[in-house]
Amino acid sequence: MSSLAVHKAPAADATGAERSNRPPRRRRLSLVPTITLLLGALYCLLPVAWVVIASTKSGSELFSTFTFLPGSGFTDNLTDLNAYRDGIYWQWMANSALYAGLGALLSTCVSAFSGYALATYRFRGRETMFNVLLAGVLMPPIILAIPQYLLMAQADLTDSYWSVLLPQVLSPYGVYLARIYAAAAVPSDVVEAGRMDGAGEWRIFTRIALPMMIPGMVTVFLFQFVAVWNNFLLPYIMLSDDEKFPITLGLFTLLEQGANTPALYTLVITGAFLAVLPLVALFLVIQRFWSLDLLSGAVKS
């Protein structure tokens with residue numbers, strides 16, 4: 001028995017050495033998602049890098065220098081953009097902040113109310129109503145824009161701030177997220193305990209359910225803010241007064257004028273770069289809030 005053990009040991013060692021020399025298949029397969037994500041990030045960040053670099057170039061440098069070579073005209077571009085039509089660009093930025101900020105806030109409130117009701121209460125037609133909302137998620141915005149314009153025209157609200165704000169208040173996707181999150185984050189036992197203690201439904205929602213739903217509502221607010229900030233079609237249909245334009249529509253008008261005045265191209269690029277900064281800042285602030293909320297939830301648990 002001992003001789004057999006002595007003879008088999010080298011063979012086992014040889015087999016182990018061969019396996020150690022072979023690259024593990026799992027390690028190679030795990031690199032595929034990483035490489036795919038890196039390629040996707042590169043694809044998404046290249047246009048942003050181009051806008052950042054192009055905003056530093058003057059009109060002559062924009063068409064004569066290497067694409068990713070920084071220029072020396074950023075301060076001049078800012079001065080020209082600020083002076084264009086007495087600073088109407090900042091009016092467009094303020095309009096976008098109003099549309100996106102107030103619209104996202106109202107949409108988040110409606111989504112929180114609706115999602116909590118659909119997740120907590122049992123009533124006839126609940127699933128039918130939820131399925132209708134899900135069908136709204138599948139509707140392309142261009143299909144809804146014309147009926148929305150006709151409704152606003154009947155109410156005499158076209159070419160006003162309300163014509164852009166009101167259609168953004170109800171977000172089917174926001175209601176869907178709110179219902180899913182409320183069903184997962186708000187235990188039914190906690191709601192029933194609040195009712196047994198004599199709390200009303202509004203008090204239960206504001207004092208018990210809403211704090212539990214805050215992380216999900218922050219996500220809804222972020223999605224809706226970005227959607228309204230980047231929205232072009234609805235303001236394009238609703239508005240005719242350029243002083244009420246959001247930044248997307250204002251930059252589009254500048255780009256159209258740039259076909260006849262090439263000097264405006266630098267203003268469009270610089271304006272596009274500045275228009276991205278509020279979204280980046282908002283994401284960084286909300287990301288910090290997510291982290292704090294998760295930590296506080298872990299401490300409470």
Transitive ILVMFWY side-chain link M213 to W202, under 4.5 Å: yes

Ring centers of F252, F232 separated by less than 6.0 Å: yes

side-chain contact (heavy atoms from CB on, under 4.5 Å) between I180 and L177, intermediate numbers included: CA-CA 5 Å; I180 298 302; L177 288 180; 5.8 Å; no

L282 side chain reached by F221 side chain, heavy atoms, under 4.5 Å: yes

Heavy-atom neighbours of D241 CG exceed 12 at 6.0 Å: yes

Please table the atom pairs, donor to acceptor, closer than 3.5 Å between any side-chain atom in residues 96-107 and protein atoms at least two apart or in another chain.
| unit_1 | atom_1 | unit_2 | atom_2 | d |
| --- | --- | --- | --- | --- |
| S96 | OG | W92 | O | 3.4 |
| S96 | OG | I247 | N | 2.6 |
| Y99 | OH | K244 | O | 2.8 |
| S107 | OG | V169 | O | 3.3 |

Side-chain heavy-atom pair F273, I269 within 4.5 angstrom cut-off: no

Contacts of type side chain to side chain donor-acceptor pair (under 3.5 Å), residue W50, not counting sequence neighbours: none

Interatomic distance, I88 atom CD1 to M93 atom CE [nearest 0.5 angstrom]: 14.0 Å

Heavy-atom check, side chain of Y84 versus side chain of Y89, under 4.5 Å: no

Side-chain heavy atoms of L151 within contact of L157, under 4.5 Å: no

L166 side, atom CG; M238 side, atom CE - distance, nearest 0.5 Å: 9.0 Å

Pairs touching residues 186-198 that satisfy side chain to side chain donor-acceptor pair (under 3.5 Å), sequence neighbours left out: E192-R195, R195-E201

Distance-minimising heavy-atom pair for P235 and L249: O-CD2, 3.6 Å

Flag side-chain contact, heavy atom, 4.5 Å: L210 against Y116: no

Check: T65/K57 side-chain N/O donor and acceptor closer than 3.5 Å: yes

Exceeds 12 heavy-atom contacts within 6.0 angstrom, atom OH of Y149: no

Other residues, nucleotides, ligands: >12 heavy atoms within 6.0 Å of F245 CZ: yes

Side-chain (D159) to main-chain (S240) donor-acceptor, under 3.5 angstrom: yes

Residues in side chain to side chain donor-acceptor pair (under 3.5 Å) contact with S72, at least two apart in sequence or another chain: E61

Y236: side chain to side chain donor-acceptor pair (under 3.5 Å) partners, not counting sequence neighbours: none

side-chain contact (heavy atoms from CB on, under 4.5 Å) assessment of V190 paired with V186: CA-CA 7 Å; V190 176; V186 183; 5.6 Å; no

Side-chain heavy-atom pair L69, I53 within 4.5 angstrom cut-off: no

Any side-chain heavy-atom pair of L239 and P246 under 4.5 Å: yes

Considering all heavy atoms, the nearest P211-F205 contact: CD-O, 4.4 Å

Run the side-chain donor-acceptor check on residues 124-147: report pairs under 3.5 Å with partners two or more places apart or on a different chain.
| unit_1 | atom_1 | unit_2 | atom_2 | d |
| --- | --- | --- | --- | --- |
| R126 | NH1 | L118 | O | 2.9 |
| R126 | NH1 | Y121 | O | 3.2 |
| E127 | OE2 | R179 | NH2 | 3.1 |
| N131 | ND2 | E127 | O | 3.1 |

Backbone of V226 reached by a side-chain donor or acceptor of N230 within 3.5 Å: yes

Audit row: V191, T120, side-chain contact (heavy atoms from CB on, under 4.5 Å) steps and yes/no: CA-CA 9 Å; V191 177; T120 304; 4.2 Å; yes

Least distance between heavy atoms, V52 atom then T56 atom: O-CG2, 3.6 Å

Side chain to side chain, T248 and W229, heavy atoms closer than 4.5 Å: no

Step-by-step side-chain contact (heavy atoms from CB on, under 4.5 Å) determination, V51 to V276: CA-CA 10 Å; V51 169; V276 175; 5.8 Å; no

Main-chain N/O of Q168 paired with Q224 side-chain donor or acceptor, under 3.5 Å: yes

Shortest non-hydrogen separation from L234 to P167 and the atoms involved: CD2-CB, 3.8 Å

